[in-house]
Each structure stands twice: as structure tokens, then as C-alpha cells.
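Right, one structure below, let's go through it.
Model, not experiment: these values are computed from the prediction.
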Amino acid sequence: MADPFARLDATAQAELLRRREVGPTELVEAAIARLERLNPSLNAVVHPALERARRRVAAGVPAGPLAGVPTLMKDIGGLEAGEPCHAGMRVLRDARWTERVDAYFTQKVVQAGLVSLGRTSTPELALLPTTEPEAYGPTRNPWNLNHSAGGSSGGAAAAVAAGIVPVAHASDGGGSIRGPASMCGLVGLKPTRGRCSFGPTLGERWIGFSCEFFVTRSVRDTALLLDLVAGPMPGDPYTAPPPPAPWTTALDGPGRPLRVGVMRIAPRATALHPEALTAVDRTAQALAALGHVVEESHPEALDDPGSVAAYVTVVSSAVARALDAIGEKVGRVLESSDVEPLTWALAENGRRVTAAQLLATIEFVHAFGRRLASWWESGFDLLLTATQAAPPPEIGYITSTREEPFRAFLRAAPYGVCTLPFNMSGQPAISLPVHLTADNLPVGVQLVAPFGREDLLIGVARQLEDALPWRDHLPPLHA
């Protein structure tokens, strides 16, 4: 018998629960069955917590808007007390590390009524746009098992795309929500910097580049989840401006024609793969048909080659600190043999950065963000780009060796070139699954809004969801 829940988004599953047409136990057990059947092929979930999920349902889930709906947490961030958080690292896996506290984000997920079935795979320290950590092996794309599901939220995206759960926790420091969403045919919103708390253990991650949220199948799930998990928490060093109304109200549309700039190349005059360009052009045509004003234009700052060097300096410094912090957890100084070649090479690079150089880089990043913002201030509402400059790569392509530790970073360039600038600026951006290649692989487009304006993204994304329907596009490996 076919699973009646596998194709439903979280909102639809919650509606069944509200109407008492199904109980939480039935929903969670169906998701567990899907996980057990599909995960051996995908390798998306690396820390199953199935008995914990059953216990939570038996004890009674909080009466939130998504009470009883199954989900998954990514294995970096979203800390859960007593549960692993290995960040794709062999050294934490071998130490059997478990966390001590629930993150504020996790507390909000639980309060919403979501029931986690475990934690999904990520590349080591979330450093790559593919999920192939040495510690846990590659996560495979349900559209084609020979291809990557993306990174760093590849496990989350594979699980949602395959129908195991309707939504899954994800995070994004350079494209790690939007990239996997593009590769797996999902909706992936990167919220505004400071929209979701990293507390109580951190104030920010990657000097503000990183944020946490979800990958979803529907725009309405994205809006609802943002209402449920966003907002300031005690001790946050900064927060995004609050919305004037719940984000679910933005689903009615922007209420006026928007001025949309279209970028038919990638930053720094990088060519787009023809399939990525097709996705952009198709979306631009749909936006024009919806009554929006569409014209070729983009911020000049995107073509500044100095932005990449600044990004790498910040990430390298963060990796150096991360290895020190992980050494504190396991009780010893980490060595090169404890981590993957790229991780060690980045950490060594970070250790050579002086405090003055790091501060100068942060000053550059802030100025870069202001230069980007000036384009929106000139009269544009949204920027349309490809999410990634190329379709999903094959497993094994974005990898490094001890002899070539930076090879993965170099090969990753087309998969972060369109996304990472907006981690630097802190602006909200969303990837939408508007296109399938001739080889039946998903390719997404990215919309970018001014700081704090997720409402514009949600409103236009909902219009495109009707104009370019993706709801019935299912991968070959699906529940």
C-alpha cells in the first residue's frame, strides 16, 4: 500500500492532525518506515533517533502548529542535549561526542511540535557544497544516486526530496541551504543575518556569514517555519529587524509590481552552464508575465575579486578556531591526521592570519555589504540569479587529496559563486526549484532581497510556485 503522507508538505500533514484524520504516532511511524527503506540508498541520516522519536510522541508532543509532524536535524548546529553533533568529523565520531544543552533553535523546533527522527549528514565542518565526509561517506541525490545532493545541508535535502520527511533543519554559511535545495529540487531560504538565534552556546558563526533554517517542499512551509523559529533570544549580540506582520501573510503576494534585476551570468563574469541560464531566463519570463518589471542589471560589487579572498580569510580563521574548540571537547590538540586535508589546510591558513588582518577583512566585508545594498537602494526590489553556475556534480568530483588539499575548494567554485556574496552581506535569499535538466537533474534559481525583507521573497516565491509548478516533480527514488 502506498504511503499516503509521503507527498504531503508539513502544512498538509499538520492539517490532517488538526482534523484528527491521523494521529502523531501514525505520521511518525510512516516516516520511520520511509527512513528505514530509503536511507540505505541515500545515506542522508547518520544519527537515527527513532526510539527517541517514539518516546516523544508517546509522552505527548507540544501543542504547536506542527504538532506531530516528523523532521530531521542537521549534524551541525541545532544542538540537542544528549545527542551527537559531529559536524561530519571523524574525531568527534570516534570520541562519541554528545551535546550538553539544547540550542534555542532546537527549543523552538520542539515547541512547534516537530518530532525529530535524528540528524542528517554534512561535510566536515560544513565546508563544501557536497556532502561526502570521510567520517560517514557520501550522501546521494535521489534524482540520480551517482550525483551529489549538495552541501553542506546535503543530508537534509536528500531526505526531504526523497519524501522521508516534509521539512528538515539546515544551515547556510556560503550557500549550504540554497545549494542543496537547488540540487535536490527544493525550496531553500537563507534568512536575514540575525533572524534565528545561535544561542545559548554561540552568538554568531563564521563572523555572521552563517545562519540556520530549513529546506522544504513548499513556500507555505517556509513561511510558517520562519514564523515559528525566528526571533531574538536572551543574549543575542544582534538581531534582524522584526517583520511588520507574520511571514505567512506574505503568501498573498507582494501586493504590487516589483522591479527585478536579472543576472544572466555569475559574479566576476563567470559563465553559467546552459541549463542554469535556461532556469534564469524561464524565471525572468514568468516574473514578467506576473506583471513585475524585469531588466538585466546587478550590483557592480558582485564582480569585485577581493570578495572571494575576504570570504576565504574569514572561513579559514573560523576553521582554525573550530579545531581548537573541538580539541577542547575531546581533551587534546588536534593533528592533521584527525581531519580531512582541506580542513587542515584551511586551519593552517587561518592560523597565519593576524588579528589586525582579520579586523581589516571584516571591515572589507562590511563595506562590501554596503556596496551591494546600494543597488537595492537605487530602486530594485529583487535580484534574480542562478543558484549555482552548474548542475549537480557527480559524487567524488569535489574532493581533495593530501597532495592537493585545496582541490575541493577550487572545484567547488561554480557551486558557491552566486550564493556566498549574500552570506557576506547578510541579506535574505531563496532558491526555487524551477527547472529540470535534459538529464532530469534539478537546477534552481536564486532571488535576493534587501536586508530584512523575507516577505518579498516569500510573496514572489509563492507566485512562481503557481506559475512554474514544481509540486509534482518527484525524483526516481521517492517514498
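- Summarising the geometry of Arg352 relative to Gln357, their closest heavy-atom pair is O-OE1, 3.6 Å, with the distance given to 0.1 Å.
- Of the candidates Leu186, Leu226, Leu114, Leu114 is the only one forming a side chain to side chain contact (heavy atoms under 4.5 Å, CB included) with Phe214.
- His273 and Gln388 share no side-chain donor-acceptor pair at under 3.5 Å.
- Side-chain atoms of Gln427 and Ser425 include a donor-acceptor pair closer than 3.5 Å.
- Using modelled atom types, one side-chain atom of Arg178 and one backbone atom of Thr419 make a donor-acceptor pair closer than 3.5 Å.
- In the model, Thr216 has no side-chain atom that pairs as donor or acceptor with a side-chain atom of Asp221 under 3.5 Å.
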Quiz: residues 65-80 side-chain donor-acceptor pairs under 3.5 angstrom, not counting sequence neighbours:
{"from": "Thr71", "atom 1": "OG1", "to": "Val167", "atom 2": "O", "distance (Å)": "2.8"}
{"from": "Lys74", "atom 1": "NZ", "to": "Ser152", "atom 2": "OG", "distance (Å)": "2.6"}
{"from": "Lys74", "atom 1": "NZ", "to": "Ser153", "atom 2": "OG", "distance (Å)": "2.9"}
{"from": "Lys74", "atom 1": "NZ", "to": "Ser171", "atom 2": "O", "distance (Å)": "3.4"}
{"from": "Lys74", "atom 1": "NZ", "to": "Ser171", "atom 2": "OG", "distance (Å)": "2.8"}
{"from": "Asp75", "atom 1": "OD1", "to": "His86", "atom 2": "N", "distance (Å)": "3.3"}
{"from": "Asp75", "atom 1": "OD1", "to": "Arg119", "atom 2": "NE", "distance (Å)": "3.0"}
{"from": "Asp75", "atom 1": "OD2", "to": "His47", "atom 2": "NE2", "distance (Å)": "3.0"}
{"from": "Asp75", "atom 1": "OD2", "to": "His86", "atom 2": "N", "distance (Å)": "3.2"}
{"from": "Glu80", "atom 1": "OE1", "to": "Arg119", "atom 2": "NH1", "distance (Å)": "2.6"}
{"from": "Glu80", "atom 1": "OE2", "to": "Arg52", "atom 2": "NH1", "distance (Å)": "3.2"}
{"from": "Glu80", "atom 1": "OE2", "to": "Arg52", "atom 2": "NH2", "distance (Å)": "3.3"}

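- Scanning both residues, Pro232 and Thr239, for their nearest heavy atoms gives CB-CG2, 3.3 Å.
- Glu132 and Ser148 share no donor-acceptor pair across their side chains, judged by distance under 3.5 Å alone.
- With respect to the salt-bridge test (charged N to carboxylate O, under 4.0 angstrom), the residues Lys329 and Glu99 qualify.
- Taking the six-membered ring for Trp, His169 and Phe213 have ring centres at least 6.0 Å apart.
- Using modelled atom types, one finds a donor on one side chain and an acceptor on the other under 3.5 Å when comparing Ser431 with Thr387.
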Which side-chain N or O atoms in residues 264-272 pair as donor and acceptor under 3.5 Å with protein atoms at least two apart or in another chain?
{"from": "Arg264", "atom 1": "NE", "to": "Asp281", "atom 2": "OD1", "distance (Å)": "2.8"}
{"from": "Arg264", "atom 1": "NH2", "to": "Asp281", "atom 2": "OD2", "distance (Å)": "2.9"}
{"from": "Thr270", "atom 1": "OG1", "to": "Pro267", "atom 2": "O", "distance (Å)": "2.8"}

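- For the 3.5 Å distance criterion, the side chains of His292 and Asp381 fail to qualify, holding no donor opposite an acceptor.
- In the model, Thr98 has no side-chain atom that pairs as donor or acceptor with a side-chain atom of Glu83 under 3.5 Å.
- In summary, the aromatic rings of Tyr311 and Phe209 are positioned with their centroids under 6.0 Å apart.
- Closest heavy-atom contact between Cys418 and Thr385: CB-OG1, 4.1 Å.
- Side-chain contact of Thr222 with Trp247: a donor-acceptor pair under 3.5 Å is absent, judged by distance alone.
- Look at Glu328 and Arg321 and you find a salt bridge, because one of the NZ, NE, NH1 or NH2 atoms lies within 4.0 Å of a carboxylate O, short of that distance.
- Across every non-hydrogen atom of Tyr104 and Ser197, the tightest pair is CD1-OG, 3.5 Å.
- The aromatic rings of Phe409 and Phe406 are tilted relative to each other, their planes meeting at an angle between 30° and 60°.
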- Derivation and outcome, side-chain contact (heavy atoms from CB on, under 4.5 Å), residues Val260 and Phe380: CA-CA 6 Å; Val260 182; Phe380 285 93; over 6 Å; no
